[in-house]
Colleague: 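Next up is a structure, given as structure tokens.
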Amino acid sequence: QVQLVESGGGLVQAGGSLRLSCAASGGTISTYNLGWFRQAPGKEREFVAVITWSGGTYYTDLVKGRFTISRDNAMNTVYLQMNSLKLEDTAVYYCRTGPVVAGTMRADFDSWGQGTKVTVSS
């Protein structure tokens, strides 16, 4: 029942940084796992990072060491700090709740929000 809206995307040069936000409404996020996903042109949607309700974090190897996921339960918002951006990070980024299994989340859902577009240029 929690509604999520992504924001913070934009155009950035390779090596630069962006901070994405996932704002929730209609309920608290404090008891949810919150994950970030992305879909590049011509590619399947893939898992990026997740922060569990208890604060644990997991990342795909593609972004480990460059991205940091965090949450502010009081603000009902989850963030994705993206540093050292690469051309391969260009995608529409989405957030979603769901179970965490073996340090990842499934990305094969039919329904997604609008997302926020990240474009990394050379």
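Remember, it's a predicted structure, so these values are computed and weren't measured experimentally. We use all heavy atoms of the structure for the numbers below, so side chains are in, but hydrogens, waters and symmetry mates are not.
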Colleague: Using modelled atom types and a 3.5 Å cut-off, is there a donor and acceptor pairing between side-chain atoms of Asn33 and backbone atoms of Pro99?
Modeller: no
Colleague: Go through Phe47 and Arg106 one step at a time and tell me if the side-chain contact (heavy atoms from CB on, under 4.5 Å) criterion holds.
Modeller: CA-CA 7 Å; Phe47 167 78; Arg106 62 186 303 155; over 6 Å; no
Colleague: For Trp53, is the CH2 atom crowded, meaning more than 12 foreign heavy atoms sit under 6.0 Å from it?
Modeller: no
Colleague: Please determine if Arg45 forms a cation-pi arrangement with Tyr94, meaning its NZ or CZ atom is less than 6.0 Å from the six-membered ring centre and no more than 45° off the ring axis.
Modeller: yes
Colleague: Closest approach of Leu4 and Ala24, non-hydrogen atoms and distance?
Modeller: CD2-CB, 3.6 Å
Colleague: Treating Ile, Leu, Val, Met, Phe, Trp and Tyr as nodes and any side-chain heavy-atom pair under 4.5 angstrom as an edge, say whether Val78 and Tyr59 lie in one connected cluster.
Modeller: yes
Colleague: Is atom CG of Asp110 surrounded by more than 12 heavy atoms (other residues, nucleotides or ligands) closer than 6.0 Å?
Modeller: no
Colleague: Any side-chain heavy atom of Val50 within less than 4.5 Å of one from Thr57?
Modeller: no
Colleague: In the single-linkage hydrophobic clustering (I, L, V, M, F, W, Y; side-chain heavy atoms under 4.5 Å), do Trp36 and Val2 co-cluster?
Modeller: yes
Colleague: Measuring only between side-chain heavy atoms, which start at C-beta, is Tyr58 closer than 4.5 Å to Ile51?
Modeller: no
Colleague: For a side-chain contact (heavy atoms from CB on, under 4.5 Å) check, start with the C-alpha distance between Thr119 and Val12, then their side-chain angles and the critical distance, and finish with the verdict.
Modeller: CA-CA 6 Å; Thr119 302; Val12 64; over 6 Å; no
Colleague: Between Phe67 and Thr60, does a side-chain contact (heavy atoms from CB on, under 4.5 Å) hold up when you go through it step by step?
Modeller: CA-CA 10 Å; Phe67 291 10; Thr60 179; over 6 Å; no
Colleague: For Ala107 versus Phe37, what's the shortest heavy-atom pair and its separation?
Modeller: CB-CD2, 3.7 Å
Colleague: Within a strict 4.5 Å, meaning less than it, do heavy atoms of the Val92 and Gln114 side chains meet?
Modeller: no
Colleague: Please list, one pair per line, the donor and acceptor atoms closer than 3.5 Å that link side chains of residues 79-88 to other protein atoms, with sequence neighbours excluded.
Modeller:
residue	atom	partner	partner atom	Å
Gln81	NE2	Asn83	OD1	3.0
Asn83	OD1	Ser17	OG	2.8

Colleague: Applying disulfide (SG to SG under 2.5 Å), which residue pairs with at least one partner in residues 56-122 are found, sequence neighbours left out?
Modeller: Cys22-Cys95
Colleague: Could you walk me through whether Arg38 and Thr90 pass side-chain contact (heavy atoms from CB on, under 4.5 Å), step by step?
Modeller: CA-CA 9 Å; Arg38 67 187 183 185; Thr90 294; over 6 Å; no
Colleague: Find out if a path of hydrophobic residues (ILVMFWY) with successive side-chain heavy-atom gaps under 4.5 Å connects Val48 to Leu62.
Modeller: yes
Colleague: Do you know the tightest heavy-atom contact between Ser21 and Thr77?
Modeller: CB-CG2, 4.2 Å
Colleague: Would a hydrophobic clustering, with Ile, Leu, Val, Met, Phe, Trp and Tyr connected at side-chain separations under 4.5 Å, put Leu20 with Met75?
Modeller: no
Colleague: Taking C-beta and beyond as the side chain, do Leu34 and Thr97 meet within less than 4.5 Å on heavy atoms?
Modeller: yes
